[in-house]
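Nothing here was measured: the structure is a model prediction, and the numbers come from that model.
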Amino acid sequence: MESVVVPGERLGACGDFQPGFGTYSRHGYVYSSIVGFKSIKETNPGSVPEISVFRDASRQRTVPEPGSIVTCRVTSINQRHCKVSILRVGDTHLKESFRGLLRKEDVRAHEKDKVEIYKCFRPDDIILAKVNSIGDAQSYLLTTAENMLGVIHAVSETGAAMVPISWEEMQCPVSKVKQFRKVAKIDATELASATAALAL
């Protein structure tokens with residue numbers, strides 16, 4: 001049964017629930033971080049249920065989980081990480097996006113110490129990533145350390161969709177300018193499905 005809760009309202013003990021979307025934990029208890037409807041979801045057999053708070057009681061209950069492949073839009077970058085907005089989980093479009101964080105050490109599986117975020121992603125890029133774990137309230141830690149993960153859509157300064165020319169570069173078809181990216185290694189069918197998030 002769903003009920004309306006407000007920010008700061010105590011929802012239960014951490015031993016009884018794991019915090020999900022719209023919640024945070026403090027001093028052994030789970031609290032709501034937004035005004036919305038409380039929802040309790042069983043996760044894995046034998047584990048404690050996940051408690052979440054959603055603004056819209058009728059919204060789809062699909063949420064990112066560890067291991068989920070997600071489609072994201074890059075919102076900002078710095079030398080240590082890139083922040084994203086999660087638009088899809090698998091093939092399911094989300095009515096309400098989630099926040100994600102992709103740290104420098106999780107960009108690729110090799111030569112992690114040589115990763116330069118600015119040569120891998122740029123704001124407004126669309127990327128495929130995998131959920132590593134749940135971070136702080138309303139945020140997910142992501143990884144692109146697999147060949148199939150990385151940038152699937154980028155726009156050049158001319159406004160044209162850039163074309164992958166290697167797993168490290170994309171090129172503007174108009175100006176021919178090349179830019180570094182951590183390009184996802186996926187086929188045309190998968191790419192068409194993944195970029196459907198752009199319609200959101």
Side-chain angles (χ1 to χ4, degrees), residues 21 56 59-60 62-133 135 138-200:
F21 180 78
D56 181 357
R59 76 180 294 280
Q60 193 162 15
T62 299
V63 296
E65 297 178 346
S68 297
I69 300 298
V70 293
T71 306
C72 318
R73 186 186 303 276
V74 176
T75 56
S76 66
I77 60 175
N78 63 31
Q79 293 181 342
R80 300 184 308 278
H81 59 247
C82 110
K83 293 182 179 180
V84 305
S85 177
I86 300 174
L87 307 176
R88 295 202 319 170
V89 176
D91 294 325
T92 303
H93 292 270
L94 299 175
K95 295 181 180 178
E96 186 174 346
S97 64
F98 296 85
R99 294 185 309 198
L101 185 71
L102 180 55
R103 299 174 299 187
K104 176 180 176 179
E105 59 267 30
D106 296 321
V107 170
R108 64 188 186 201
H110 58 91
E111 297 183 322
K112 296 182 180 182
D113 58 323
K114 296 182 180 180
V115 170
E116 295 181 71
I117 289 289
Y118 299 95
K119 289 187 176 181
C120 299
F121 311 104
R122 297 198 182 185
D124 290 327
D125 284 356
I126 301 297
I127 70 171
L128 280 183
K130 179 185 285 187
V131 178
N132 253 350
S133 61
Q138 305 179 55
S139 180
Y140 293 84
L141 296 179
L142 309 177
T143 178
T144 54
E146 295 180 21
N147 288 342
M148 63 167 285
L149 305 176
V151 177
I152 58 173
H153 179 83
V155 176
S156 71
E157 293 180 358
T158 67
M162 301 189 74
V163 179
I165 56 174
S166 74
W167 308 127
E168 296 181 335
E169 287 185 304
M170 301 182 86
Q171 184 177 40
C172 172
V174 178
S175 67
K176 305 304 180 183
V177 171
K178 299 176 183 178
Q179 293 181 356
F180 286 107
R181 290 293 198 284
K182 197 287 184 183
V183 181
K185 189 176 182 180
I186 58 178
D187 61 32
T189 302
E190 293 173 318
L191 179 60
S193 174
T195 52
L198 293 171
L200 290 175

**Request:** With sequence neighbours left out, write down each residue that passes side chain to side chain contact (heavy atoms under 4.5 Å, CB included) with Cys82, or none if nothing qualifies.
**Result:** Val74, Ile77, Val84, Leu102, Ile117, Phe121

**Request:** With side chain to side chain contact (heavy atoms under 4.5 Å, CB included) as the test, would you mind laying out the steps for Val155 and Asp124 before giving the verdict?
**Result:** CA-CA 8 Å; Val155 176; Asp124 290 327; over 6 Å; no

**Ile86 CD1 to Thr71 OG1 distance, which is reported to the nearest 0.5 Å** = 10.0 Å

**Request:** List in chain and number order the residues that pass salt bridge (charged side-chain N to carboxylate O under 4.0 Å, His left out) with Lys178, two or more places apart in sequence or in another chain; answer none if no residue qualifies.
**Result:** none

**Fill in**
Here the gap from Leu142 atom CG to Cys72 atom SG, rounded to the nearest 0.5 Å, amounts to 5.5 Å

**Request:** For Thr143 and Ala145, work out which heavy atoms get closest and say how close.
**Result:** OG1-N, 3.1 Å

**Asked** Tell me, do Tyr118 and Gln79 make a side-chain contact under 4.5 Å, heavy atoms counted?
**Response** yes

**Request:** Check whether any side-chain heavy atom of Leu128 sits under 4.5 Å from a side-chain heavy atom of Thr144, and report yes or no.
**Result:** no

**Pairs involving residues 155-166, ordered by first then second residue, that meet salt bridge (Lys or Arg N to Asp or Glu O under 4.0 Å) (sequence neighbours left out)** = none

Please set out all donor-acceptor pairs under 3.5 angstrom arising from side-chain atoms of residues 159-171, sequence neighbours excluded.
| residue | atom | partner | partner atom | Å |
| --- | --- | --- | --- | --- |
| Ser166 | OG | Glu168 | N | 3.0 |
| Ser166 | OG | Glu169 | N | 3.0 |
| Gln171 | NE2 | Lys176 | O | 3.0 |

**Asked** Can you list the residues that meet the side-chain hydrogen bond (donor to acceptor under 3.5 Å, both in side chains) rule with Asp113, with sequence neighbours excluded?
**Response** none

**Request:** Supply the atom-to-atom distance Cys120 SG to Arg108 CZ, rounded to the nearest 0.5 angstrom.
**Result:** 6.0 Å

**Prompt:** Is there a side-chain contact between Arg122 and Arg181 (heavy atoms, below 4.5 Å)?
**Reply:** yes

**Fill in**
Residues at least two apart in sequence or cross-chain that pass side-chain hydrogen bond (donor to acceptor under 3.5 Å, both in side chains) with Lys130, listed by chain then number, are Glu146

**Prompt:** Residues two or more places apart in sequence or in another chain: which of them pass salt bridge (charged side-chain N to carboxylate O under 4.0 Å, His left out) with Lys114?
**Reply:** Glu111

**Asked** Which residues satisfy the side-chain hydrogen bond (donor to acceptor under 3.5 Å, both in side chains) test with Ser68, sequence neighbours excluded?
**Response** none

**Prompt:** Who pairs with Thr158 by side-chain hydrogen bond (donor to acceptor under 3.5 Å, both in side chains), at least two apart in sequence or on another chain?
**Reply:** Ser156

**Message:** Using side-chain heavy atoms (C-beta onward) and a distance below 4.5 Å, is Met148 in contact with Lys185?
**Reply:** no

**Prompt:** Just how far is it from atom CG of Leu149 to atom CD1 of Ile69, taken to the nearest 0.5 Å?
**Reply:** 5.0 Å

**Prompt:** Measuring from Leu87:CG to Thr92:OG1, what's the distance to the nearest 0.5 Å?
**Reply:** 13.0 Å

**Prompt:** Under the side chain to side chain contact (heavy atoms under 4.5 Å, CB included) test, which residues partner Lys83, sequence neighbours left out?
**Reply:** Thr75, Ser76, His81, Leu101

**Item:** Side-chain (Lys182) to main-chain (Val115) donor-acceptor, under 3.5 angstrom
**Value:** no

**Message:** Once side chain to side chain contact (heavy atoms under 4.5 Å, CB included) is applied, do any residues pair with Glu105, and if so which ones, sequence neighbours excluded?
**Reply:** Arg103

**Prompt:** Got a second to check how far Ile127's CD1 is from Ile152's CD1, nearest 0.5 Å?
**Reply:** 9.0 Å

